[in-house]
Protein chains: 2
Amino acid sequence: MIASRPARPDPASVLEDRGYRLTGPRRSVIRLLDRKEEGFSAEDICEELPGVGRATVYRTIRLLLDAGVLCKLALPDGAPKYSLARVEHHHHTFCVTCGNVGEFRDTTIERLLRTIGADIAGEIVGHRMEFYIVCRACLEAPER
Amino acid sequence: MIASRPARPDPASVLEDRGYRLTGPRRSVIRLLDRKEEGFSAEDICEELPGVGRATVYRTIRLLLDAGVLCKLALPDGAPKYSLARVEHHHHTFCVTCGNVGEFRDTTIERLLRTIGADIAGEIVGHRMEFYIVCRACLEAPER
DNA sequence: CGATCATATGATACTTAGTCTCATCTTTTA
DNA sequence: TAAAAGATGAGACTAAGTATCATATGATCG
Ligand SMILES: [Zn+2]
Ligand SMILES: [Zn+2]
Ligand SMILES: [Zn+2]
Ligand SMILES: [Zn+2]
């Protein structure tokens, strides 16, 4: 089953492939994103890279979003979060207690979603799905 | 099958049931929402109700969101939109061409989503799902 | 190498969506 | 009718992100 996980695309190569220059500031942003846990904010990145301008951070984020190697999570309430995509197509889990973000894939869902098109007026061109959870750690945590 | 569609809750009664006063400004907002097509912005409401303060519009929207009779749609890109909920639990379609928003329910999905919990570490407390489509009207529209 | 031109950067102003504050007004209740 | 609770609205503030534009960087050609 290990072979079924597609290799994660390298954000730097993806940008180059798209004809963008791989400059110092862009490298810094990408290197930091790579070290980050999932579910960080754009402003986090700005603060941790004082040498890179805010505009450049946001511009790089946008390039990566457009290229599909970065996900923007619209949480039900609160600030948007970002997370480098680990696998190609996936969905997210979001712990409503600790805010932890996870990725998952389920081929059954994907198959079902494809068949559901029949019930919808129009042509389906994409979808998004998120699960709100209480994660393992929060379930096991001493109450408080 | 008609009987299977639950009656749409009346936003005004829902607010009263929750212990909020049904004041003039709140009535105005609710009456306008009710006349609106799906997929309007909060600022639309402010502009169309110059007699009601911005803060009150946003406060009323928040109350209705909390009560579950109004949906906030986080579109993949662009401004958030609102839409009065027509049925209890549902998902949205969003036409990527014209921006039209629709609601749908599918019990197969709901059943599947419940079973998928087994594969996810933690307890699922909710979900969100959206389909991006090209709607019937846009498919049939003269090209361009 | 150096000139040239496209591209990228960063400081900063601006925009959008929404919240907060607080003095005033309205409603409820006693 | 007086007091208390709740709601309102003007406007200040915040957070997330975009636009502007002068400067800097880097690729390409001679
Ligand atoms: Zn993702
Ligand atoms: Zn999917
Ligand atoms: Zn809805
Ligand atoms: Zn559902």
Side-chain angles (χ1 to χ4, degrees), chain A residues 11-33 36 39-67 70-83 94 99 101, chain B residues 11-33 36 39-67 70-83 94 99 101:
Chain A
S13 324
V14 170
L15 285 198
E16 278 202 314
D17 290 354
R18 298 193 135 216
Y20 296 105
R21 290 187 191 155
L22 206 42
T23 63
R26 284 180 184 159
R27 265 176 221 278
S28 308
V29 172
I30 289 170
R31 212 162 347 98
L32 178 55
L33 295 189
K36 276 269 172 207
F40 48 84
S41 74
E43 223 58 37
D44 288 345
I45 304 302
C46 293
E47 276 164 31
E48 294 180 44
L49 289 177
V52 177
R54 248 171 63 84
T56 299
V57 168
Y58 275 97
R59 279 188 288 239
T60 306
I61 283 177
R62 192 160 16 134
L63 292 182
L64 295 172
L65 285 175
D66 290 350
L70 184 68
C71 311
K72 179 173 184 172
L73 293 115
L75 304 179
D77 230 54
K81 301 261 180 211
Y82 297 88
S83 145
F94 175 72
V101 169
Chain B
S13 325
V14 169
L15 285 198
E16 280 201 312
D17 291 354
R18 299 195 135 213
Y20 297 105
R21 291 184 190 156
L22 205 45
T23 63
R26 284 180 184 158
R27 265 177 222 279
S28 307
V29 171
I30 289 170
R31 211 162 348 100
L32 178 54
L33 295 189
K36 277 268 174 211
F40 48 85
S41 76
E43 223 59 36
D44 288 345
I45 304 301
C46 294
E47 277 165 31
E48 295 181 43
L49 290 178
V52 178
R54 248 171 63 85
T56 298
V57 167
Y58 275 97
R59 279 189 287 238
T60 306
I61 283 177
R62 200 174 356 151
L63 292 182
L64 296 172
L65 285 175
D66 291 350
L70 185 66
C71 311
K72 180 173 182 171
L73 293 116
L75 304 179
D77 229 54
K81 300 263 179 210
Y82 297 88
S83 143
F94 175 71
V101 170

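Residue numbers begin at 1 in each chain, while the letters A, B, ... track the order of the sequences.
At whole-Å resolution of the value, CG in B/D44 and P in C/dT16 are 13 Å apart. Rounded to whole Å, the distance from CD1 on A/I45 to P on D/dA15 is 17 Å. Here D/dA7 presents its C1' atom at 18 Å from CZ of B/R18, a figure rounded to the nearest Å. Rounded to whole Å, atom C1' of C/dT16 lies 14 Å from atom CD1 of B/I61. Taking atom CG of A/L63 as the reference point, atom C1' of C/dT7 lies 12 Å away to the nearest angstrom. Distance OH (B/Y82) to C1' (C/dT16): 12 Å, rounded to an integer number of Å. Here D/dT18 presents its C1' atom at 14 Å from CG of A/D66, a figure rounded to the nearest Å. The distance between atom CD of B/E43 and atom C1' of C/dT15, rounded to the nearest whole Å, is 11 Å.
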Step by step, would you call B/L63 with B/R18 a side chain to side chain contact (heavy atoms under 4.5 Å, CB included)?
CA-CA 10 Å; B/L63 292 182; B/R18 299 195 135 213; over 6 Å; no

Stepwise side chain to side chain contact (heavy atoms under 4.5 Å, CB included) check, A/L33 with A/L64
CA-CA 11 Å; A/L33 295 189; A/L64 295 172; 3.5 Å; yes

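The side chain of B/K72 places an N or O atom within less than 4.0 Å of a non-bridging phosphate oxygen (OP1 or OP2) of C/dG18. Side-chain nitrogen and oxygen atoms of A/Y20 include none within less than 4.0 Å of the OP1 or OP2 phosphate oxygen of D/dT25. In this structure, B/R21 does not reach the C/dT28 phosphate: none of its side-chain N or O atoms is under 4.0 Å from OP1 or OP2. For B/T23, no side-chain nitrogen or oxygen approaches OP1 or OP2 of D/dA7 to under 4.0 Å. Residue B/Y58 places at least one side-chain N or O under 4.0 Å from the OP1 or OP2 atom of C/dG18.
With hydrogens and angles ignored, no donor-acceptor pair closer than 3.5 Å exists between the side chain of B/R59 and the base of C/dG18.
The nucleotide whose nearest atom lies closest to any side-chain atom of A/R62 is, among D/dT18, C/dT9, C/dT21, D/dT18. Between D/dG17, D/dG9, C/dA17, one nucleotide has an atom nearer to the side chain of B/A79 than all others, and that is C/dA17.
B/A42 comes within contact range of the sugar-phosphate backbone alone, with a heavy-atom separation under 4.0 Å but no base atom that close. Here B/G51 lies in heavy-atom contact (under 4.0 Å) with sugar-phosphate atoms only.
Each of A/V52, A/L32, A/D44 was evaluated against A/V57; a single residue qualifies, A/V52, per the side-chain contact (heavy atoms from CB on, under 4.5 Å) test.
Heavy-atom distances to DNA chain D give each of B/R26 and B/R54 a nearest nucleotide, and the one nearer the 5′ end belongs to B/R26.
Looking only at side-chain heavy atoms (C-beta outward), A/K72 and A/I61 stay at 4.5 Å or farther from each other.
A donor-acceptor distance shorter than 3.5 angstrom exists from the side chain of A/R26 to the backbone of A/R21, with no hydrogens or angles considered.
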